[in-house]
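Every chain is numbered from 1, with letters handed out A, B, ... down the list of sequences.
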Amino acid sequence: MKKTILYLAFGFLFTFSACTDDFDKINENPTALTAKDVSAKYFVTSAQQAFFGPNRYPYWRGPIIHVDRYAGHTAFGYKGNWWSDGLGYTYTSGYTGAVYDYMEGYNSTLSSFTNFVKPGGTLENDKYYAIALILKGLYYQKYADTFGAAPYIEASNPDITTPKFDSVQTIYEGVIAELDEAITLIGDATTTGSGPQLLGENDLFFNGDMQKWKQLANSLKLKMALRGHGGNGADYSAHVSSALSSGVLANDNALMSRDTEISTWVSAVYGDVWGPFYGGGNWHLGSKLVDHLRNNNDPRLSKYGKPIKGGTFTLERATSGSNTSLFEKHTDFLVKHLKDSGADVTDSGVTGDKRTITVASGAYVGQPVRMNSKIQPHLHRELFSEPADIVVNSKNTGKPIFPQIVMTAAESHFLAAHAALLGIGSGANAHYQTGIRHAMKLWDVADADIDTFIANEPMATLSGTTEENIAKVSIQRWIAYFTEGYEAWAVVRDTGYPDLPGLANTNLDGDMYEIGDLNGHYPQRMRYGSGAYNKNGDNVTAALSTQGPDVQATKLFWAK
Amino acid sequence: MKTKLFRFLSTFLLLFAFGFNLQAQSISGTVTDENGVPLPGATVLVQGTDNGVSTDFDGNYSINASSGDTLVFSFVGYSTQSVVVGSSATINVSLQPDNALDEVVVTALGISREKKTLGYAITEVSSESINTVKDHNIANSLVGKIPGLNITQAGTIGSGSRIVIRGNNSLSGNTQALIVVDGIPINDNGINSGGSVYNNNITGGGISDINPNDVESITVLKGPNAAALYGSRAGNGVILVTTKKGTKGSKFGVTINSNTTLDQVMFLPDFQNVYGQGSAGNAATSLADFTGSSWGPKADGSSQLYFDGSQRAYTAKPDNVEDFFENGIKSINSISIDSSTENSTYRFSYTNNDTESILPGARLSSHNFNLRGTSQLNDKLSIDTKVTFFSQDVRGKARTGGEGVVSTVFSIPRTVDMNDMKKYQMDNPASDADYRVINWDKLGSNTANPYWMMLHDQDIENRERFFGFTKLNYEFTDWLSGFIRIGTDVTNTGLYTVRQAGHHWYPSGRIERRGDRSGELNSEFLLTAKQDLTEDINMVLNIGGNMSRRTYSASWMYGEDFKINSKPFFSNTMINRFTDTPQEIKKVNSLYGSANFAYDNWAYVDVSARNDWSSTLGADNRSYLYTSVNASLLLQDFVDPDRKVFDLFKVRGSVANVGNDTSPYQLVQTFSVPGQGYLGLTTLNAPSTRLNPNLKPENIESTEFGLELSMFDNKLNFDLSLYNIKTTDLIFSVPVPAATGYSFFLENIGEVTNKGVELSLGGTVLNTGSITWNSSIYASKNENKLVSLIDDLSTLVYTTTNSGNLSVQAKVGGGIGDLYGSVWSKDSNGNHIVNDSGRPVATAPDQYLGNAQPDWLGGWSNSFSFGDVSVNFLIDGRFGGQVFSAVSSGADANGTSERSLLYRESGVTLDAVSSSTGAANTASITGQEYWGTMSGIAENYIYSQSNVRLREFSVGYNLPVADALGADSVYLQLIGRNLFFFSKKADDIDPEAMLGTNIGGMGIAYGNLPTTRSLGLNLTLKF
């Protein structure tokens, strides 16, 4: 009997290797969906959020550490801050690399959406495809403006492992053509379809309104055409004209509301850095921004920032090192800046190794940008204006958070004004003032205050030479892009306004300004991440041969 | 401290008290050689225990043993002989010369073979070798004892170790050896193996769950050749653990072992004690201005503002880091009981490990129960069953990386007293601000307080593991036998972490709970047939099969933002999320067989084949065949017929082919729904990896040659192995430009090679009769090379530092673990370059700086015996290989290191040229600016891993008090581990400490717990 059981057991075990019937079944993932289970609308939300509301890692390293500061909107490096405001003027691969990885990596999100909805795709729909093309345009414009040449023509093709890089100009022209395709596909349509095809609330910009998508396409086309116009001798005036005549975002904004309850590792806001890292990682408004607002009685001053706290501060000479002899120079600079900014300052003057200043609260003082670590010990945080609460509110507190700007009506009008000043179209001043009105409404400025500003401030009327007028339009565009540093920085590089340290004057005073790798120059782009070299090195090298060396000082084709 | 000492002593007292009412007797006798000449220095051991003595000058010995015990007599060059103690108190033994041909070792599938017949290298380590200077993780007891084995540690209680045999054969995370216990493969994947520069909680698993006291022997099957019968699991070599069972014929016996050591910090980085907290030469004048760095003025004792708001004397606190660490105490106590009847044996053991870390509040406690029984049911059928239950609780495990507690402790400003950190939160907090952590930086900053991390936050890890098998063995005839065996291994791991409200990263608090369950069930059979084909040719045939079913499931949840700050629990959190991984199943069915031929007792040939069917691969690719051929030739009769020099002259060679398959769900493209959409809307995550329905298993081919010599009456033994391992079709998620539409392509790609040499030399150095000295030297070298990836791609990046200045890579033409980073730029004339303000300009982080794999590993073990005293020590070292010390770079940036004293007073005008003009530099920078820049340049912190240390040391003495205690024997050893370095090239760090136990964790040292020096006692009582 025992023997029988044993033989049976062995026999059973012998046959088992044929038992692979359930192998396919157990290798199916129960927690993942396949293409047949899903609707395209869910991808629209992801595609919008992933690019315009990335998680904290690229958000901190992109807007907060780099582009808002390059734009001159913000400054850190006050006393007690983690960083010197010089950060970013010397290459730190991990910091710019994070931005590169986010921008470069977004293509996989965009591609998978595009591949579904494009002609022949599993979820084919020409309206969704138009949306995909417009998102692609928004993506490539920001990506190329930040880094320069990027894979475009050979991109999104899994059969090409190492796609070639295309020049910024090629990308601009390609995107404009694809925007035209999207505009044609949308035509007069107002929705993406019905039933499961209907986009609706999953569209974070326009609630599925296709005509607004068409206006966005035209606004983007207008911006790119105008930015590229004249670069390398290109004439994009026809694109500018066709965008204006087809209809830009004249009254509506493309904004993405903030999710105020989402994890910072899904989507981040300024407050995710401002709140938890109180102190070390904070920042102030830049002096150029505050000066422009304050000196022109701009009602947005109190919307953007807060008055200084002030107080009494004893500034002390360093007891060792080369900083000792710079004490007078540093404190003189600080006191002068405070007084120039309208702060009420009582200054003891230097007595031995100390200088005591008492600064009244209430004034708006911006922090000069690109200060280095030498002067940092004197830059007390109470001496500079912080951003307004709506900018830096934390999530999960029930408090409102300013939305992410994609494109605004204000910008459409500023662009139209700028085009008119260049002789493309007309009505420069009217567009300019409408632009200011839209820009102020975005920040809930009362109509009466807007009227007063437009009526009374010389800044609000284009009354000078063409160049002076272009400066005004550019500066208003720049101001209107507060909280969207990528675009504000592009305005500075494109127009040369406003003037920031290193832009016109590259001979900065190294006793207080950060010279950096840039040796005093203004950052014109970010360097490619190490991922670009590791994964696609030969094509990066090829791109650099025409674009110029991979340094921050290399200008893009449209830069002034 | 007092309570620890009390516990330390009471453990011993308890053990002594336990022993008083048991019986033993003294056995004595003489050990002689085959001619009756006394053999001094022969070892006499009570089997299955640590109770052993050596014979004296006249070959005499005396040992306490009980009737039924088995005495094992051994001497180098002679065959080991066993004698069961009967009623006689005298046992004389005559040992026969060992022709070195009889050693039996455990091989793949648990098949015992004569070592001489094997065509591949195999190393066996005894129970004694891992049980003397004990570590809670037996992997750490293998360091330096086996050529070809590279073991690195993430260095905190309860975490695993990384075991790599003969180099990394795979590009993905798992390059660790397979662990097989009593024939059953067990899960060795820690659920978190680290590798991040920020924060790693490295959990243990696999081999770390095995109780060292239960181990009879460990056999290392080095490489594919020895492991070929494990097929698709053999890619990284196999470690076979054989556990103890009761001895047939022995009487009821009790062994008590107590191993207690005191652990102290071995060394700390060199800190400066001249300058204090502050920046740019200034101390803070208001609380808002505090910074965490030590770039202030000279700590001259003047009255300065302290972080708590008081005015204090501004003086250096040289011991502030050292003060944080406590004396750790490790106490491993076990009791084992074995017994036998005519047909059955039983063994039960219980081990309790109670370890207090050198970190305040950190503790490991584990219980291990083990029951083993064997029984001869009738003349043909026998049964062998084992059940092991293991339960472990670890609290306050230190995390490696820049955000871990050790990094925090090291960054304390030099003028801050660590004792002042013990108050980490305001009394009676009311508002959110009141809850914020108090630290040496400004109030409310995100700087951590190490006492908060250890005593206020919670990090709890629980593991429960059940392991067992039943094996039925049947002797069909005298030439045919077989067994069936079913074994199971189930591990449940729970992680619970709390970040209290006010925490430096999570000011509003966070709770996280994770549960993982992994299981493995193996059902197998093996038939063994022995036949003499001719008079000269004998054959052994094995045919077997295995069904392996591996499962994994997990759940994970976290809650953030406490509604009410005072207490952490889930319903008190504003945001909470839950993620569930339903059970994943992987099945692998296998059939295998081997045939071993022996010709005239000098030529041996083995062939083996195994076919695996894996559920993780597509129908067309799931079946695959692996083969191996081994040969061994014993040539001493031809080379040295008179045996003048060679007792053994063996050459061996082997060619094998094995594999490595993949995990479930790697074939079909899918989309996942993130738990959190956006604004309450459902979103879908598209896969960033392009999966591959045509995935194949990795293919590993290995060729090995060896030479084994035994000389001068077996007094000198030599073993040399040369191997060449080539892995192709590596399964890897290849990082591709995201412009392709994906971030990764999952592919079979490339080629990795590992070539190496392993050498061992050992023997009797001295044998004067009263003194014997045996010594062995091991050395091994492995060269790893990444030959190719996929077309157009040449680099994989595993880990990158926060600033990006250094990354751990695998580059085509280079090896796995290549370190790339920035260096100080030079012009074409070799001059260093600075910018216009005089600061060094770094290159892009693309310069080759070294490789994280050592060139050579070596060990030198020695054992001396004189009379009842025996002394063992192990010196081991690693030579070559580099490591990046993020610890040192951080300390330089912070101004806490001794190095950072340079240029503090005067500043420096660096001898360099300007990047803009090329002219000689004239700009002066401060010391803080100098170190601020230099600390970011990776090449400055690349250190050689070369080090030689006294790894293990023990002095044992057979206490002559056994009779008084009523014990058979009382053996006491003074033991030590990591006593000192003979040489170490790396500043600040132990070059063996790594970020994690996966492949990305190597090459960077950051925030590891300081290496400890252990000293203690090992007491074994046998009744």
Side-chain angles (χ1 to χ4, degrees), chain A residues 6 9-10 13 16-17 20 23 26-27 29-30 32-34 38 42-43 45-46 49 79-80 92-94 97 104-105 107-109 111-112 151 155-156 158 161-163 202 257 259 262-263 266 276-280 314 316 318-323 377 396 510 515 517 519 530 534-536, chain B residues 279-282 285 288-289 291 297 442 444-446 474 484 507 525 545 547 561 574 582 585 589 591 613 615-616 664-665 670-672 676 678-679 681-684 686 688 690 735-743 792 795 797 802-804 835-837 845 904-905 907 915-916 924 926-927:
Chain A
L6 266 168
F10 280 121
L13 282 165
F16 70 174
S17 55
T20 56
F23 276 19
I26 62 174
N27 206 30
N29 189 343
L33 301 164
T34 55
V38 302
Y42 303 124
F43 289 103
T45 317
S46 310
Q49 178 266 318
K79 184 171 191 182
T92 306
S93 62
E104 194 247 5
N107 194 60
S108 70
T109 304
S111 290
S112 58
S156 307
T161 312
T162 51
N202 275 83
S257 298
D259 188 333
I262 203 164
S263 161
V266 177
F277 309 106
Y278 181 86
T314 303
E316 288 189 274
T319 55
S320 59
S322 59
N323 237 10
N396 302 302
I515 305 295
D517 283 350
N519 249 330
S530 54
N534 292 337
K535 300 177 204 167
N536 205 356
Chain B
S279 183
N282 293 96
T285 49
D289 299 337
T291 61
K442 70 190 72 56
S445 79
N446 79 307
Y474 195 80
I484 53 175
F525 75 91
M547 284 171 81
D561 295 0
M574 305 261 280
I585 303 172
N589 294 345
L591 276 176
W613 291 263
S615 69
T616 59
Y665 315 148
T670 54
F671 310 96
S672 59
Q676 200 165 16
Y678 193 80
L679 289 166
L681 299 164
T682 301
T683 59
L684 279 177
S688 59
R690 188 181 69 170
V736 294
T740 57
Y742 296 94
S743 298
D792 305 325
T795 305
V797 177
N802 180 45
S803 73
N835 70 8
D836 287 355
S837 48
R904 284 243 191 184
E905 284 298 320
S915 61
S916 57
S924 166
T926 63

Novice: Pick one of side chain, backbone, both or neither for A:P158, based on which atoms fall under 4.5 Å of a heavy atom in chain B.
Specialist: both

Novice: Look at A:S156, A:G105, A:A155 and state which one has the largest set of heavy-atom pairs under 4.5 Å with chain B.
Specialist: A:S156

Novice: If every non-hydrogen atom of B:L679 is compared with every non-hydrogen atom of A:D259, which pair is closest and at what distance?
Specialist: N-OD2, 2.6 Å

Novice: Could you have a look at B:L684, B:L681, B:T683 and say which one has the most heavy-atom pairs with chain A under 4.5 angstrom?
Specialist: B:L684

Novice: At a heavy-atom distance under 4.5 Å, which candidate from A:S530, A:G97, A:S257 has the highest pair count against chain B?
Specialist: A:S257

Novice: How close do A:P163 and B:T740 get, heavy atom to heavy atom, and via which atoms?
Specialist: CD-CG2, 4.2 Å

Novice: Which heavy atom of A:P377 sits nearest a heavy atom of B:N282, and at what distance?
Specialist: CB-OD1, 4.1 Å

Novice: Between A:E316 and chain B, with a heavy-atom cut-off of 4.5 Å, which part of the residue counts as in contact: side chain, backbone, both or neither?
Specialist: both

Novice: Which atoms form the tightest heavy-atom contact between B:W613 and A:F23, and what is the distance?
Specialist: O-CE2, 3.5 Å

Novice: Could you report the tightest heavy-atom contact between B:Y665 and A:I26, atom names first, then the distance?
Specialist: CE2-O, 3.6 Å

Novice: Which region of B:V797, side chain (C-beta onward) or backbone (N, CA, C, O), has a non-hydrogen atom less than 4.5 Å from a non-hydrogen atom of chain A, or is it both or neither?
Specialist: side chain

Novice: Let me know if B:P735 has heavy atoms under 4.5 Å from chain A in its side chain, its backbone, both or neither.
Specialist: both

Novice: Under a 4.5 Å heavy-atom cutoff, which of A:P151, A:S112, A:S46, A:G510 has the most pairs with chain B?
Specialist: A:S46

Novice: Does any heavy atom of chain B fall under 4.5 Å from the side chain of A:S111, the backbone, both, or neither of them?
Specialist: side chain

Novice: Taking side chain as everything from C-beta outward and backbone as N, CA, C, O, which of these in B:D836 sits under 4.5 Å from a heavy atom of chain A? Side chain, backbone, both or neither.
Specialist: both

Novice: Using a cut-off of under 4.5 Å for heavy-atom pairs, which of A:I515, A:T45, A:N534 has the most such pairs with chain B?
Specialist: A:N534

Novice: Could you tell me whether the side chain of B:N802 and the main chain of A:G94 form a donor-acceptor pair under 3.5 Å?
Specialist: no

Novice: Do any N or O atoms from the side chain of A:N202 and from the backbone of B:T682 form a donor-acceptor pair under 3.5 angstrom?
Specialist: yes

Novice: Any donor-acceptor pair under 3.5 Å linking the side chain of A:N107 with the backbone of B:A738?
Specialist: yes

Novice: May I ask you to name which of A:V266, A:T92, A:T314, A:N396 has the most heavy-atom pairs under 4.5 Å with chain B?
Specialist: A:N396

Novice: At a heavy-atom distance under 4.5 Å, which candidate from B:S915, B:S615, B:G804 has the highest pair count against chain A?
Specialist: B:S615

Novice: Considering all heavy atoms of both residues, which atom of B:S688 and which atom of A:S108 are nearest to each other, and what is their separation?
Specialist: CB-OG, 4.4 Å

Novice: Heavy atoms only, distances under 4.5 angstrom: which of B:S916, B:S279, B:G927 has the most pairs with chain A? Name it, please.
Specialist: B:S916

